[in-house]
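This report refers to the structure that appears directly beneath it.
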Number of protein chains: 2
Amino acid sequence: MTSILVCDDSPLARETLRRAVATVPGVDRVTTASSGEEVLRRWTADRVDLVLMDVRMPGLGGVESVRRLVSTDPTARVIMLTMAEDLDGVALAVASGARGYLHKDASRAELRATVSQALADPTWRLAPRRLRPAEVGSAPTLTAREIQVLEGMSHGRSNAEIGRDLFLSEDTVKTHARRLFKKLGASDRAHAVALGFRWGLVR
Amino acid sequence: MTSILVCDDSPLARETLRRAVATVPGVDRVTTASSGEEVLRRWTADRVDLVLMDVRMPGLGGVESVRRLVSTDPTARVIMLTMAEDLDGVALAVASGARGYLHKDASRAELRATVSQALADPTWRLAPRRLRPAEVGSAPTLTAREIQVLEGMSHGRSNAEIGRDLFLSEDTVKTHARRLFKKLGASDRAHAVALGFRWGLVR
DNA sequence: ATGTGCGTAACGCTTTCGGGTGATGCTCGT
DNA sequence: ACGAGCATCACCCGAAAGCGTTACGCACAT
């Protein structure tokens, strides 16, 4: 009976991660939490074999959550999930007791491999490895152009205006729009902008 | 007699902060509040030397709370507490009158240092970041219905679908949409969603 | 060399949006 | 009693958006 707890404040990331780790061989149960506080609150009653925890969360935040969790239960195994460039957070997290970290845009295969390894070896600690954005896991990978178009949308620009901004024809902007909608799973530009914010692709 | 007010909607974060600032030399009294409304309500009767306030809270939210507090009492000193991701919120808060900000996962030492400094120097203030004119000023106040419609948009629902969700006619949804566009200064639904995220009205 | 992904562009077609305007009823506070 | 604000609904109409499809050149990897 192997259980994993996915902790992320973003429902989207949570679901994606949940589905991803559920496919790891030997994993019987995947639960989710939306905050470090929730993990701590549930820990005594609902202990799991491995915790995947986001670094950046409202409230306690990943780092402090790991610190507290490990200080109450040194056998707790935690892998931190990080978006990018917050290496300070990762270093702190590892220093606080996390076994290692994974980039959120790691490939599904890498995620599964890491989880398998962490489950197989209780003493395992991850050597940080940088992974190429690949076919899944979490944040959809948009091209530079697609992000530019998405940003234009988030500033209330019409396709024609975005085209003028980027020296493109309106039809080309529409093509980029269509493609980024598909990648994000968005039904329209408003949805796309929302998903862009939730994934941290735009601000 | 130096007093500090900690304002955060999360009880755990509130307690953590309370304990942390209580250890700062010279601090005699630490009170807590769970919402910006509560701070405003209690301000005249229960004035404090420094307020630590969370950016992201239900109801008024940190930004608007600071704005109102400072507009009623310009001597009020507020430090915003924030997560790494909402830099816009920080900038808005500082522009609205907050003296500075702290990351929630800042170290205890950092927290104490910042609080000490703010207490020692009543004029202490972070240099406000340059903001677009549209972003300065008061947070747009949307009605409950308007927020529901905005949320629907952020989930990619069409006006007709939002209407079915909320048991309204499509025309009514359109009216709400038009009004919230005007309030937010949005040019279309994508822009409105983006502004909703930037103001912390939706997530 | 062959495929795959990206960037660019176009055309037709349907759906949806957004603005303008007007209207009714309700609940506040003054 | 009155206006202000909110919620509700309706109609028209032009302007966008969104979708399917096709196509070409280019880079990069298998």
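What you are looking at is a predicted structure, and each value in this text was computed from that prediction instead of being measured.
Among all heavy-atom pairs drawn from Gly36(A) and Met53(A), the shortest one is CA-CE, 4.5 Å.
Under the rule for a side-chain hydrogen bond (donor to acceptor under 3.5 Å, both in side chains), the partners of Arg47(B) that lie at least two apart in sequence or sit in another chain are Asp73(B). Residues passing the side-chain hydrogen bond (donor to acceptor under 3.5 Å, both in side chains) test with Arg42(A), sequence neighbours excluded: Glu38(A), Asp46(A). In this structure Thr172(A) satisfies the side-chain hydrogen bond (donor to acceptor under 3.5 Å, both in side chains) test together with Ser169(A), sequence neighbours excluded. Remark: Leu166(A) engages Arg145(A), Gln148(A), Val149(A), Ile162(A), Leu168(A) in a side-chain contact (heavy atoms from CB on, under 4.5 Å) (not counting sequence neighbours). Looking at residues two or more places apart in sequence or on another chain, you find a side-chain contact (heavy atoms from CB on, under 4.5 Å) between Ala160(A) and Ser158(A), Arg164(A), Glu170(A). Ser187(B) is linked by a side-chain contact (heavy atoms from CB on, under 4.5 Å) to His191(B), counting only residues two or more places apart in sequence or in another chain.
No side-chain heavy atom of Val51(A) sits under 4.5 Å from any side-chain heavy atom of Ile79(A). Residues Val48(B) and Trp43(B) form a side-chain contact, since some pair of their non-hydrogen atoms from C-beta on lies under 4.5 Å apart. A heavy-atom distance below 4.5 Å is found between the side chains of Leu150(A) and Val193(A). Looking at Ile4(A) and Asp49(A), their side chains never come closer than 4.5 Å, going by heavy atoms from C-beta outward.
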Pull out every protein N or O sitting under 3.5 Å from an N or O of nucleotides 18-25 of chain D, one pair per line with the distance.
unit_1: dG18(D); atom_1: OP1; unit_2: Arg189(A); atom_2: N; d: 2.8
unit_1: dG18(D); atom_1: OP2; unit_2: Arg189(A); atom_2: NH1; d: 3.0
unit_1: dG18(D); atom_1: N7; unit_2: Lys174(A); atom_2: NZ; d: 3.3
unit_1: dG18(D); atom_1: O6; unit_2: Lys174(A); atom_2: NZ; d: 3.2
unit_1: dG20(D); atom_1: O6; unit_2: Arg178(A); atom_2: NH2; d: 3.4
unit_1: dT21(D); atom_1: O4; unit_2: Arg178(A); atom_2: NH1; d: 3.0

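One end of the helix from dA1(C)-dT30(D) to dT30(C)-dA1(D) points its axis 50° away from the other end's axis, with each axis taken from 5 pairs and the angle rounded to 10°.
For His191(A) and dA17(D), the NE2 to C1' distance is 17 Å, given to the nearest whole Å. Protein atom CD1 of Ile147(B) is 10 Å distant from nucleotide atom P of dA7(D), rounded to whole Å.
Within residues 163-172 of chain A, the residues that have a heavy atom under 4.0 Å from DNA chain C are, in order of number, Leu168(A), Ser169(A), Asp171(A), Thr172(A).
Where DNA chain C meets chain A (any atom under 4.0 Å from a heavy atom), the bounding nucleotides read 5' to 3' are dC6(C) to dC11(C).
Sorted by first then second residue, the salt bridge (charged side-chain N to carboxylate O under 4.0 Å, His left out) pairs that include residues 172-189 of chain B, not counting sequence neighbours, are Glu146(B)-Lys183(B).
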**Request:** List the steps, then state whether side chain to side chain contact (heavy atoms under 4.5 Å, CB included) holds for Leu5(B) with Leu52(B).
**Result:** CA-CA 6 Å; Leu5(B) 173 55; Leu52(B) 299 186; over 6 Å; no
